[in-house]
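Written out below as structure tokens is the structure these notes cover.
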Amino acid sequence: MDHFQYQGNKLFAESVSLKQIAEEMGSPCFVYSRATLERHWNAFNNAFGDYPHQICYAVKANGNLAILDVLARLGSGFDIVSGGELKRVVAAGGDPAKTVFSGVCKQDWEICDALDAGIGCFNIESNGELEQISAIAAEKKLVASISVRINPDVDAKTHPYISTGLKSNKFGLEPGVAFETYRRASDDPNIHVHGVACHIGSQLTELSPYQDALGRMIDFVDLLEAEGIKVEQIDFGGGLGVRYSDEEPPSPDQYWIALLELLNSRNRKTPVAIEPGRAIVANAGILLTRVHNLKHNEDTSFCIVDAGMNDLIRPALYQAYQEIVPVELDDCQSPATYDVVGPVCESGDFLGKGRKLSVKPGDLLVVRTAGAYGSVMGSNYNGRARPAEIMVDGDRYYVIRERESLESLYASENRLPD
Ligand code: LLP
């Protein structure tokens, strides 16, 4: 459920009309709903109830400071994959102690910054990385908390680009190798073994891959504990899917009940962490775009809009379906079927194909479910400025990112000397 609903024939974000935002702020622009964001985070938090848990929102899904700020105020932790994301979390008022640092290629400076900030945990992905973190912690006379990311070899049944828990993926360590990593870690005075981590993929719409992965993690934790290595937390990663069209992903409640049953059946009361990104922010954001022109070729009709693949690359990159709806419903026009395409000079520049729409030039459209992996994956391709980002809160809205100026796009470039 989100807070982008029609009132009469006009689409609103909470109590603000999207037409008003487009008129005042221009298009394209991303619009987020604070109430939806909070609702989704609370849905996870309430699902866990009294069970000891930490929600670490995956910053990669959308790292805008206002979004991080809203979540930090709710008490969220964060999952980061770079020094850049750490800086954002800190700038937004997030707590580094509630932050986990994931990713396969952490640089020395990123580890230094994270240790200085008091990071909660490094989710490490290789033996080399354990040595790297230990050496830096030793130099700083600090103890670094770690979990090892296990690759459980589970098929997440999602798009191959966003599946991460198979042996053939670059992520994590297989349990046999990870066991040795834990042995070394537990003997290392600069390392504190915090937990065990895992993330099997994104946009999961079934529970069984999670259950399989958790089962394997519990087997692994049993082995560690038999070896005298204590595990303080099990981190399941993120990945819970959302509804883009007709998917029916489990709710946070269903997700947690399935995992809790498994924990109970194995007599485990270990505290848990999760790293949801998409499930919190995807449906809390839309991309607002204006129809520039309509064009009818022999085979295909095109609805040309002012947002392109540089603003929202998911349809082009993953052939992802995202719903496209009008800002004003108009019964007077008869619908036609269009490929909704942008201004970028690539045939892959589309936001949707074969969409039935009643539109004319100048109308406004909304691409739904664009809050996650939308603006963060944007680029300046074709010399295009990134759109403004707006957060609606009740009957008010705030500019949470200014539209880029064209000059800023080349401000850090230099011409050669004369
Ligand atoms: N934790 C780790 C270690 C991750 O790698 C990811 C996502 C997450 C958590 C959050 O997953 P989520 O809950 O958002 O599914 N650009 C792609 C998605 C890439 C996801 C990468 N990792 C897309 O637009 O579908």
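Counting starts at 1 for both ligands and their atoms, in listed order.
Of all the heavy atoms of Arg278, the ones lying under 4.0 Å from any atom of ligand 1 are found in both the backbone and the side chain. Under 4.0 Å from ligand 1, the heavy atoms of Asp79 that appear belong solely to its side chain. Contact annotation for Ser202 and ligand 1: heavy atoms of both the backbone and the side chain come within less than 4.0 Å of the ligand. Contact annotation: for Tyr318 versus ligand 1, heavy atoms closer than 4.0 Å belong to the side chain alone.
Using the six-membered ring where Trp is involved, Tyr32 and Phe30 have ring planes that are parallel, under 30° apart on the 30 and 60° scheme.
A donor and an acceptor atom, one from each side chain of Glu232 and His194, are located under 3.5 Å apart.
Interface of Glu275 with ligand 1, defined as ligand atoms under 4.0 Å from a residue heavy atom, comprises 1 (N), 2 (C), 3 (C), 8 (C), 9 (C), 10 (C), 13 (O). Annotation for ligand 1: atoms under 4.0 Å from non-hydrogen atoms of Arg149 are 3 (C). Close approach to Ala58 involves these atoms of ligand 1, each under 4.0 Å from a residue heavy atom: 8 (C), 9 (C), 10 (C). Residue Met377 has at least one heavy-atom neighbour below 4.0 Å for each of these atoms of ligand 1: 16 (N).
The nearest heavy-atom contact from the protein to atom 21 (C) of ligand 1 is Lys60 CD, 3.8 Å. For atom 14 (O) of ligand 1, the closest non-hydrogen atom on the protein side is Tyr373 OH, 2.6 Å. Protein heavy atom nearest atom 19 (C) of ligand 1, with residue, atom name and distance: Ile162 CG2, 3.6 Å.
At least one side-chain heavy atom of Asn64 sits less than 4.5 Å from a side-chain heavy atom of Arg401.
Taking 4.0 Å as the cut-off between side-chain N and carboxylate O, Arg216 and Asp212 do not count as a salt-bridged pair.
With ring centers used as reference points, Tyr255 lies under 6.0 Å from Tyr210.
The 12-atom threshold is exceeded at CD of Gln5, counting heavy atoms of other residues, nucleotides or ligands nearer than 6.0 Å. Enclosure of atom CD in Glu402 is not indicated, since only 12 or fewer non-hydrogen atoms of other residues, nucleotides or ligands lie within 6.0 angstrom.
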Worked verdict on Glu404 versus Asn380 for side-chain hydrogen bond (donor to acceptor under 3.5 Å, both in side chains): CA-CA 10 Å; Glu404 281 176 335; Asn380 298 118; 2.9 Å; yes
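Close to ligand 1: Pro276, with a non-hydrogen atom less than 4.0 angstrom away. Residue-ligand proximity: Gly239 is placed with a non-hydrogen atom under 4.0 Å from ligand 1.
Both the sub-6.0 Å distance and the 45° axial angle are satisfied by Arg355 relative to the ring of Tyr321. Under the 6.0 Å distance and 45° angle rule, Lys106 counts as a cation-pi partner of Phe101.
Any N or O atom pair closer than 3.5 Å counts here, and Gly277 shares at least one such pair with ligand 1.
Among Glu125, His199, Arg314, the residue whose heavy atom sits closest to atom 8 (C) of ligand 1 is His199.
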